[in-house]
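Take a look at the structure below.
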Amino acid sequence: MASGYSLVFIPQGHEFNEQRKLFRLSLGPQVLGSYDRLIQQTIEGFAGKISGFKGDPHPRITRSISTIITKITYGEQFYKEHGEALVQLNIDNTRLAAWAFTKFWAVDVIAFLRYIPSWFPGAHFQQIAKIGAEQANQIRFWAFGCIKDAMAKGTADESLVSQNLNDSTFPESTIRDATAIMYQAGVDTTTTALINLFYILVLHPDWQSKLQKELDEVVGCGDLPTAKDIPNLKLFHAV
């Protein structure tokens, strides 16, 4: 589904190393603190929405994580104008991929079937792959193109894309592909991690109390943690 540009799928070599380097420079421990404001703004709103909420928290968590990663990757101005559309596009693409991975496709066993046209009987997989590829390519090119256009007009705000395009350390293709997969993979994996954390804490309320006690002692009662607090949250980090 047009994900061959991803760090997960490209072979080790120059492009692989460049994407890893960009990830390290953009998301490493030394720069995490610069995202505190965006993270705290979003999490504060999320905490209010989730408090006392009953039901499936997945959609709310997904949108909160998407908001943070969109603003960091593409900027707050892009989020205001296109954030909801990008979030929904990523949700649709993730759901389609998750559904496709649970099905049996004859093409996975008989490789030459990938060459038959989509109108051929039994070639439904071609249509699904085309939809997935269109969604993935829209995520890959659309947001990046918006930031490039805004930079040309002088209206772009701070974002990972604008920072790296101004810096000229990496070629445009590496910035485009790395930030696209940063968004696509980052939303899904972070949401899954938080869902699992919540599930475990519901099963073990005694650990909820232990973590709350540590947060109150290190961060302060009612305050949100920052990147500087993380090294001191030994128990929370372990969980």
Side-chain angles (χ1 to χ4, degrees), residues 1-43 62-87 89-90 93-94 133 135-191 193 224-231:
M1 293 188 179
S3 56
Y5 65 91
S6 166
L7 184 67
V8 178
F9 298 107
I10 59 177
Q12 290 194 20
H14 179 71
E15 180 59 22
F16 179 89
N17 293 333
E18 287 294 280
Q19 285 199 30
R20 284 196 62 184
K21 182 180 177 182
L22 192 150
F23 281 132
R24 186 174 65 253
L25 293 176
S26 301
L27 299 174
Q30 68 277 12
V31 296
L32 281 181
S34 62
Y35 307 134
D36 275 344
R37 181 184 61 84
L38 287 176
I39 293 173
Q40 288 193 333
Q41 282 180 349
T42 306
I43 293 303
T62 299
R63 290 199 171 273
S64 293
I65 298 303
S66 297
T67 298
I68 294 171
I69 296 181
T70 301
K71 289 180 178 180
I72 290 174
T73 306
Y74 300 112
E76 295 185 76
Q77 187 60 40
F78 176 85
Y79 179 78
K80 290 178 182 178
E81 297 174 358
H82 308 292
E84 284 301 314
L86 182 63
V87 168
L89 182 62
N90 189 53
N93 187 242
T94 301
Q135 291 173 340
N137 280 328
Q138 193 173 353
I139 295 171
R140 182 185 181 190
F141 292 101
W142 170 49
F144 182 82
C146 287
I147 305 308
K148 278 195 67 179
D149 290 344
M151 290 180 67
K153 297 174 183 176
T155 59
D157 59 356
E158 194 76 7
S159 69
L160 285 182
V161 171
S162 61
Q163 285 176 9
N164 282 286
L165 285 175
N166 282 325
D167 185 53
S168 301
T169 299
F170 302 97
E172 285 192 10
S173 59
T174 297
I175 300 169
R176 179 198 64 214
D177 293 350
T179 51
I181 201 62
M182 190 183 300
Y183 177 80
Q184 288 177 283
V187 172
D188 186 45
T189 54
T190 306
T191 299
L224 293 173
T226 66
K228 292 180 179 179
D229 296 317
I230 293 176

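Below, each value reflects all heavy atoms present in this structure, side chains not excepted, and no hydrogens, waters or symmetry copies. We're numbering straight along the sequence, starting at 1.
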Using side chain to side chain contact (heavy atoms under 4.5 Å, CB included) as the criterion, list what pairs up with Gln77, not counting sequence neighbours.
Lys80, Glu81, Asp157

Salt bridge (charged side-chain N to carboxylate O under 4.0 Å, His left out) partners of Glu84, counting only residues at least two apart:
Arg63

Looking at residues at least two apart in the chain, or sitting in another chain, which of them share a side chain to side chain donor-acceptor pair (under 3.5 Å) with Thr179?
none

Checking Ile230 now: which residues fulfil side chain to side chain contact (heavy atoms under 4.5 Å, CB included) with it, not counting sequence neighbours?
His237

Taking ring-ring contact (aromatic ring centres under 6.0 Å, His included) as the definition, give me every residue that meets it alongside Phe144, ordered by chain and number, with sequence neighbours left out.
none

Under the side chain to side chain contact (heavy atoms under 4.5 Å, CB included) test, residues paired with Thr62 that sit two or more places apart:
His58, Ser66, Ile91, Val187, Thr191

By ring-ring contact (aromatic ring centres under 6.0 Å, His included), Tyr79 pairs with (sequence neighbours left out) none

Taking side chain to side chain contact (heavy atoms under 4.5 Å, CB included) as the definition, give me every residue that meets it alongside Asp188, ordered by chain and number, with sequence neighbours left out.
Thr94, Thr192

Of all residues at least two apart in sequence or in a different chain, which pass the side chain to side chain donor-acceptor pair (under 3.5 Å) check with Gln138?
none

Only counting residues at least two apart or in another chain, list the ones meeting salt bridge (charged side-chain N to carboxylate O under 4.0 Å, His left out) with Glu76.
Arg37

Is there a side-chain contact between Phe78 and Val161 (heavy atoms, below 4.5 Å)?
no

Can you name the residues that form a side chain to side chain donor-acceptor pair (under 3.5 Å) with Asp167, not counting sequence neighbours?
Thr169

